[in-house]
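Values below: every heavy atom of this structure, side chains too, minus hydrogens, waters and symmetry copies. Naming: A, B, ... by sequence-line order, numbering from 1 per chain.
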Amino acid sequence: MKHLFFGGIHPNERKELSSGDTLKMELSPSQAVISMSQHIGVPCSPLVKPGDMVKKGQKIGDGEGLCVPVHASVSGRVTAVEPRPHPGGRNIMAVVIENDFKDTLDDTMVPNPDYTKLENEEIIKMIREAGIVGMGGATFSTNVKVLSSVEKTNTLIANACECEPYITADDTLLRMNPDQVLEGMKIIRHVLKPERTVLAIEDNKKEAIEILKYKLENEKGIELCVLPTRYPQGAEKQLIQAVTGREVGSGQLPSSVGCAVFNVSTFAAVYKAVCLGLPVTERIVTVTGEGVKNPGNFSVRIGTSYEELVKASGGLNDNVWKVLSGGPMMGVAQKDLQTPIIKGTNAVLCLSQAQNGESDTQTCIRCGKCLTVCPMRLQPLYMYCYEKTKNVKALEQLHIMDCIECGCCAYECPGKLRLVETFRNAKQLVKEAKSK
Amino acid sequence: MNFVVTSSPHVRSKNNTNRIMLDVVIALLPALIVGIVRFGLRALTVSLVSVIAALAAEWICGKIIYHQNTAADGSAAVTGLLLAMTLPATVPYWIAALGSAFAIIIIKGLCGGLGRNIFNPALAARAFLMIFWPAWLIRYAAPGTVIPVMGSTVDVVTTATPLHHMQMPALPEVSILDAFLGKTGGTIGEVCTLALLAGGAYLIYRGVISVRIPGAYLATVALLSLVFYKGEDPVAWMLYSLLSGGVVLGALFMATDYATSPVTPGGQLIYGIGCGALTVLFRYYGLFPEGVTYAILLMNAFAWAIDVHTAPRCFGWKKGGTA
């Protein structure tokens with residue numbers, strides 16, 4: 001089938017591991033570790049201290065600038081406010097809550113079943129107060145994105161591509177709770193008033209597509225756009241290109257081409273915040289991979305440790321090789337299971353040794369495969385050369401800062417070069433040279 | 001419990017350097033088999049000597065230059081086999097061995113190894129052998145003669161290749177069909193165009209090479225020989241130009257060498273056209289009837305420069321480099 005963006009790859013999908021089951025409701029954890037940094041930007045400052053009693057949904061961290069609040073995902077007593085492991089790799093300030101299993105609800109936020117009566121400013125404020133970020137994994141503050149898209153959007157896109165292999169969290173959401181997504185889309189449409197509202201999904205999610213087709217039969221104004229499965233179609237710039245044919249300029253925002261893209265789970269969170277008055281305290285997480293016994297999708301409280309979640313999935317197999325936060329293409333490898341789930345965690349992926357395609361020796365044979373799969377049309381092989389010689393000027397000329405680190409080049413590379421890692425270093429070199 | 005922590009991506013395609021090299025060897029097998037059928041067992045023994053010498057040279061380079069054993073990656077074996085393809089079956093074994101050693105040590109090893117050489121090792125070795133021992137490289141056994149596997153081949157009755165006729169200029173004596181099927185004089189690997197095309201089709205099917213370089217190369221040779229034909233029949237002249245000598249072997253297996261050819265789509269077309277034009281030029285005005293080796297070697301030198309000037313327009317940038 002014709003693909004609609006540059007380059008890209010189609011790795012083994014492996015979605016069948018986790019997609020069959022229905023959503024598993026997870027018991028709440030005995031302890032929730034709520035990280036103060038669950039979004040891009042300034043981390044929150046804790047609003048509680050050890051010994052405080054908190055309710056479920058109570059705001060326990062907030063800050064100024066590019067920052068959205070975090071909330072308690074369980075009710076109970078704060079036992080510690082201290083740096084704790086974070087999926088990003090470093091230890092980051094977190095509030096630790098001991099669960100009293102009462103789920104006493106905080107009622108600061110009020111439900112607004114009829115959002116059409118609300119002003120734009122009110123809705124955007126609710127989105128912020130509910131702590132909503134890009135739930136597909138990008139974790140950019142949703143209120144900022146909405147605000148910067150007002151009066152600039154002619155195409156609103158709901159991203160249901162979930163193009164990373166293995167992950168089926170968005171798929172599960174669409175199969176189980178499609179109305180949450182569609183209602184959320186209508187709320188944002190009400191704010192942005194686009195000419196076109198599109199729900200973009202890849203053609204490997206057959207059941208979800210059937211359900212959406214049925215739901216959208218009587219729904220005016222929301223188009224279902226079924227795209228041929230190809231990674232990284234769910235990347236913002238690639239999705240805009242696939243849906244509208246427009247190219248977002250280097251360093252520009254989607255609003256520069258009249259587009260606004262949100263993940264479907266972000267829309268569901270918007271619906272819950274505005275209509276039900278619920279902040280982000282839980283999300284759907286896919287626990288999957290050849291390294292875990294019973295893969296599936298779980299409704300998980302924010303702050304649950306990977307360990308508890310993996311236990312609920314039957315535990316790890318002996319052959320486990322890596323545990324990732326996110327998908328196999330862009331996920332972050334975890335050193336142990338102490339990490340807590342944060343708002344952007346769409347998957348806990350346990351890969352087995354059999355998936356280990358890495359090599360001790362790396363040699364570029366100049367085959368040029370990287371060039372043909374790069375969705376940004378960069379030249380990875382030359383970027384690799386110039387990082388090795390620390391040639392910052394050449395790296396800039398090759399537009400290294402436009403690299404989205406999707407990993408297509410490294411996936412295809414027959415020489416097994418560590419391209420993405422090299423490009424992260426190269427970007428750092430360019431940034432350092434600029435700041436001098 | 002601690003897990004492996006390395007950078008994304010965490011899954012890789014099954015494709016690897018060994019598999020690519022194996023694919024090239026597989027693609028060369030039909031041409032090699034025709035060579036053995038056509039020239040006898042010596043075609044096989046010359047190829048084996050060439051491959052073994054290349055592997056030995058690679059092992060030595062691994063010890064002295066790279067400090068790791070690279071003989072297993074298969075690239076040296078491919079170089080040895082490619083060199084053998086460009087040699088007549090009558091060459092002494094030491095010529096094949098020396099050529100392989102030159103290719104691996106001087107041309108590739110001193111540049112830093114796999115992927116870093118500027119010139120195609122097999123063709124550079126052939127050019128080197130042509131300088132010192134030209135007489136051995138143009139001794140093509142006449143049809144029906146038996147080339148002894150062991151001992152001297154000095155007494156083997158030799159024949160002119162179609163290219164010799166074309167240099168006069170005159171159309172060759174063999175029919176176009178015989179030239180296509182390989183019933184003619186030439187080197188071990190170049191005579192059977194059908195076998196080479198089958199191998200090339202396999203490489204394109206496997207995604208090892210794209211059609212751009214060989215397509216542009218062969219189309220340029222076809223066009224130029226059609227326009228600047230000699231004799232009476234332009235179409236026959238064009239067909240003999242394509243089917244004689246090493247142009248198909250060169251276009252499919254030599255010009256497509258990763259390390260020494262451009263990677264950008266536009267660059268590959270320019271490079272193929274350049275190879276084709278130079279091949280025709282050297283054939284028409286050069287001292288030797290064949291020009292493929294020198295055409296490709298000359299274009300090798302421009303590969304990186306062509307890449308620089310044919311960089312694709314990046315996503316989100318206008319042509320010329322503004323956002």
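- Contacts between residues 248-265 of chain B and chain A, defined by a heavy-atom separation under 4.5 Å, are made by B/Tyr258, B/Ala259, B/Ser261, B/Pro262, B/Val263, B/Thr264, B/Pro265.
- Contact annotation for A/Gln379: only side-chain heavy atoms (C-beta onward) come within less than 4.5 Å of a heavy atom of chain B.
- The most heavy-atom pairs under 4.5 Å with chain A, out of B/Arg116, B/Arg12, B/Arg19, come from B/Arg12.
- In terms of the ring-ring contact (aromatic ring centres under 6.0 Å, His included) criterion, A/Tyr384 has no residue partners (sequence neighbours excluded).
- Proximity to chain B is absent for every atom of A/Ile9, based on heavy atoms less than 4.5 angstrom apart.
- Remark: the A/Tyr382 side chain and the A/Arg366 side chain contain an N/O donor-acceptor pair separated by less than 3.5 Å.
- Of the residues considered (A/Gly331, A/Gly368, A/Cys367), A/Cys367 shows the highest number of contacts with chain B, using heavy-atom pairs under 4.5 Å.
- A donor atom on one side chain and an acceptor atom on the other are not found under 3.5 Å apart for A/Thr422 and A/Glu387.
- Side-chain contact of B/Tyr294 with B/Thr279: a donor-acceptor pair under 3.5 Å is absent, judged by distance alone.
- Comparing A/Gln397, A/Arg418, A/Gln338, A/Glu358 by heavy-atom pairs within less than 4.5 Å of chain B, the highest count is held by A/Glu358.
- For B/Leu114, the parts lying near chain A are the backbone and the side chain together; criterion is any non-hydrogen pair under 4.5 Å.
- Proximity to chain B (any heavy atom under 4.5 Å) is shown, for A/Pro11, by neither the backbone nor the side chain.
- Options A/Asp402, A/Leu419, A/Leu351 differ in how many heavy-atom pairs under 4.5 Å they form with chain B, and the most are formed by A/Asp402.
- Within 6.0 Å of CZ on B/Phe302 lie no more than 12 heavy atoms contributed by other residues, nucleotides or ligands.
- B/Asn300 and B/Tyr271 form a side-chain donor-acceptor contact under 3.5 Å, judged by distance and modelled atom types alone.
- The ring-ring contact (aromatic ring centres under 6.0 Å, His included) check on A/Trp321 picks up nothing, with sequence neighbours excluded.
- In this structure, chain B has a heavy atom under 4.5 Å from the side chain of A/Cys385, while its backbone stays farther away.
- Proximity to chain A (any heavy atom under 4.5 Å) is restricted, for B/Gln68, to the side chain, taken from C-beta onward.
- For A/Leu349, no part lies under 4.5 angstrom from a heavy atom of chain B.
- Side chain to side chain, A/Asn204 and A/Glu13 meet the donor-acceptor criterion of an N or O pair below 3.5 Å.
- Using a 4.5 Å cut-off between heavy atoms, A/Gln241 contacts chain B through its side chain alone, with no backbone atom that close.
- Ionic pairing of A/Lys434 and A/Glu396 is present here: one or more N-O contacts between side-chain nitrogen and carboxylate oxygen are shorter than 4.0 angstrom.
- With no hydrogens or angles considered, a side-chain donor-acceptor pair links B/Asp73 and B/Ser75 at under 3.5 Å.
- For the pair A/Arg377 and B/Phe315, the cation does not sit on the ring face, since its NZ or CZ is not both under 6.0 Å from the ring centre and inside 45° of the axis.
- The aromatic rings of B/Phe102 and B/Phe128 lie parallel to each other, their planes meeting at an angle below 30°, with 60° marking the opposite boundary.
- Between chain B and the options A/Thr363, A/Leu324, A/Leu378, the largest number of non-hydrogen pairs under 4.5 Å is found for A/Leu324.
- In this structure, the portions of A/Met329 lying under 4.5 Å from any heavy atom of chain B include both its backbone and its side chain.
- Neither the backbone nor the side chain of A/Pro165 comes within less than 4.5 Å of any heavy atom in chain B.
- With a 6.0 Å radius and a threshold of 12 heavy atoms from other residues, nucleotides or ligands, B/Lys63 has its NZ atom at or below the threshold.
- Proximity to chain B (any heavy atom under 4.5 Å) is shown, for A/Lys237, by both the backbone and the side chain.
- If you measure heavy-atom distances from A/Cys364 to chain B, the contacts under 4.5 Å come from the backbone alone.
- Note that the CG atom of B/Leu55 and the OG atom of B/Ser100 stand 9.0 Å from one another [nearest 0.5 Å].
- In this view, A/Tyr306 satisfies the ring-ring contact (aromatic ring centres under 6.0 Å, His included) rule with no residue, not counting sequence neighbours.
- At a 4.5 Å heavy-atom cutoff, the contact between A/Thr361 and chain B is made by side-chain atoms alone.
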